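Predicted model only: the values in this text are computed from it and were never measured.
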Amino acid sequence: MMRGPLARRLRTAAAAAAIAALLGGCISASAGPQGLYATPIGDAPVTANPTPYSAALYCMADYARRYSLPSPRIAVGRIADYTGTVSADGGRQVTGGASLMAMTALAKSGARIVERYDTSVSEMELRYANNRLIGDQGPGGVDDVQYRRILAGSVPGTDFYLIGGVTEVNYNIRSGGFDMAAGQASTDTPLSTAFAGKAFVMNIAIDLRLVQTTTLEVVDVVSYQKQIIGREISAGVFDFLNGNVFDISAGEGGLEPVQLAVRALIERATVEFMANLYGAPGPDVCLSAGPDPLGGATGPTGGYYPAYANTGTNNGETRADPSRWHDRRDGAVRRSRY
């Protein structure tokens, strides 16, 4: 039987090989009966993806239905990333789907949306119909196929369209941290510990504008920013015990989702746009009881466009309030269920 340092090294190598074999046992070189080499991990279900301003958007839709307020036809144009930032893995730091987020936000607010962002399928079907290649079933049944006719004026026009972009990504607005290590001078119990923590703040900003389609007049403008925080905490222990070295460490870190921050910015801007177009003076329209908030002598709401003749509270003057329309900071929005 081998003894001494060589035996200990062999036992260590054998233990490492056993652990590697155990981990590798979950992967097979032959596909199983379901055609998989390995079963994917994770079983989290699909969930909703709200922001703190989603409740306010639903409130706007309820408000419009309650008072039979018409929604203009709105289209979404290009809301691009103008920051040019690139992440460490080479991809875009900011999402390219801001226009899709804006469409979802408008739908939550009850707006009438007209598709202008991707009309490739409609344009192709129009070409096919123009060449009498598309047929629809006629009144005579399956055998009665009639070519689709192109009718003038069948596509509704837009009243407004929403465009803009992500204009700022500022890294490391403020950062801080600590790094601490301690140990014993005695060689008998040379235990050492280490603790470290870091935090940093960045921000992202958007600039959106609402344009009247027939005149190309910019009738409303919104510019918002949101700060994003990230943190990292770690701790470790280092010790010598009977000639063996032990190094144990653990840590935790997190970064507030950047793309979710973009969605929150767009939803906050959309609720302000729609509050203007619906003539809503402010979050108090979400209260379930009380007099008609449209009653009385009021004036234009919003930054530019006098959507309705109802003033009293100027929508544009209150947009700088960070708690406005926030479902955890604005008491009116929390009570926005009729």
Side-chain angles (χ1 to χ4, degrees), residues 49-67 69 71 74 79 98 101-102 104-111 160 162 164 166-168 201 203-210 218-229 256-257 260-296 298-308 310-338:
N49 193 25
T51 75
Y53 305 100
S54 297
L57 290 170
Y58 294 130
C59 168
M60 280 288 98
D62 293 340
Y63 174 76
R65 285 191 293 267
R66 184 180 184 184
Y67 296 103
L69 300 175
S71 167
I74 303 176
I79 302 177
M101 295 179 182
T104 302
L106 286 170
K108 292 178 181 178
S109 69
F160 301 95
L162 182 64
V166 181
T167 51
E168 292 185 39
V201 177
N203 84 325
I204 190 167
I206 62 167
D207 288 84
L208 300 179
R209 59 193 185 274
L210 190 66
V218 178
V219 297
D220 207 347
V221 176
V222 165
S223 177
Y224 282 137
Q225 70 88 31
K226 185 184 187 309
Q227 291 192 347
I228 301 168
I229 189 169
E256 187 177 352
L260 187 59
V262 175
R263 184 183 296 274
L265 287 167
I266 290 175
E267 291 202 351
R268 171 67 192 275
T270 301
V271 74
E272 297 291 359
F273 285 138
M274 295 310 298
N276 179 22
L277 294 177
Y278 286 145
D284 55 342
V285 303
C286 296
L287 295 172
S288 59
D292 185 348
L294 293 180
T298 53
T301 64
Y304 294 90
Y305 185 69
Y308 294 93
N310 61 355
T311 55
T313 309
N314 189 295
N315 190 42
E317 292 180 356
T318 58
R319 289 181 176 180
D321 180 7
S323 298
R324 178 181 170 92
W325 301 110
H326 195 293
D327 64 4
R328 289 187 293 274
R329 295 180 177 178
D330 196 320
V333 174
R334 285 200 296 268
R335 299 190 296 273
S336 62
R337 292 294 178 265
Y338 295 116

Query - Within-4.5 Å side-chain heavy-atom neighbours: D62 and R65 - result: yes
Requested in this report: Considering non-hydrogen atoms only, spot the tightest contact between V262 and M101 and give its length.
Outcome: CG1-SD, 4.1 Å
Query - Within-4.5 Å side-chain heavy-atom neighbours: N49 and L260 - result: yes
Report task. Kindly indicate whether the side chain of F160, heavy atoms from C-beta on, has any atom under 4.5 Å from the side chain of D220. Result -> no
Query raised in the report: Considering all heavy atoms of both residues, which atom of V333 and which atom of P283 are nearest to each other, and what is their separation?
Result: CG2-CB, 4.4 Å
Report task. Check whether any side-chain heavy atom of V285 sits under 4.5 Å from a side-chain heavy atom of M60, and report yes or no. Result -> yes
Report summary line: Closest non-hydrogen contact found for M274 with I74 is SD-CD1, 3.8 Å
Query raised in the report: Does any non-hydrogen side-chain atom of I79 lie less than 4.5 Å from one of I206?
Result: no
Report task. To the nearest 0.5 Å, tell me how far R209 CZ sits from F273 CZ. Result -> 10.0 Å
**Report entry** Approximate separation, where rounding is to 0.5 Å, of S109 OG and E272 CD
**Finding:** 12.0 Å
**Report entry** Stepwise side chain to side chain contact (heavy atoms under 4.5 Å, CB included) check, L210 with N276
**Finding:** CA-CA 11 Å; L210 190 66; N276 179 22; 5.6 Å; no
Query raised in the report: Is any side-chain heavy atom of E256 less than 4.5 Å from a side-chain heavy atom of Q227?
Result: no
Report task. Quick one: pull up OG1 in T104 and CD1 in I266 and give me the separation to the nearest 0.5 Å. Result -> 9.5 Å
Query raised in the report: Any luck finding a side-chain donor-acceptor pair between W325 and E267 under 3.5 Å?
Result: no
Query raised in the report: For Q225, which residues count as a side chain to side chain donor-acceptor pair (under 3.5 Å) partner, sequence neighbours excluded?
Result: N203
Report task. Could you tell me which non-hydrogen atom of I228 sits nearest to which non-hydrogen atom of A261, and how far apart they are? Result -> CD1-CB, 3.8 Å
Requested in this report: Say whether, by atom type as modelled, one donor and one acceptor occur between the side chain of Y63 and the main chain of Y278 under 3.5 angstrom.
Outcome: no
Query raised in the report: So which heavy atom on L208 is nearest to which on A269, and how close?
Result: CD1-CB, 3.7 Å
Query raised in the report: At what distance, to the nearest 0.5 angstrom, does CZ of R329 lie from OH of Y53?
Result: 6.5 Å
Report task. Would you please name every residue forming a side-chain contact (heavy atoms from CB on, under 4.5 Å) with S223, sequence neighbours left out? Result -> D207
Query - Separation between OG of S71 and CG of L106, rounded to the nearest 0.5 Å - result: 8.5 Å
Query raised in the report: Where is the tightest heavy-atom contact between G110 and A61, given as atom of each residue plus distance?
Result: N-CB, 3.7 Å
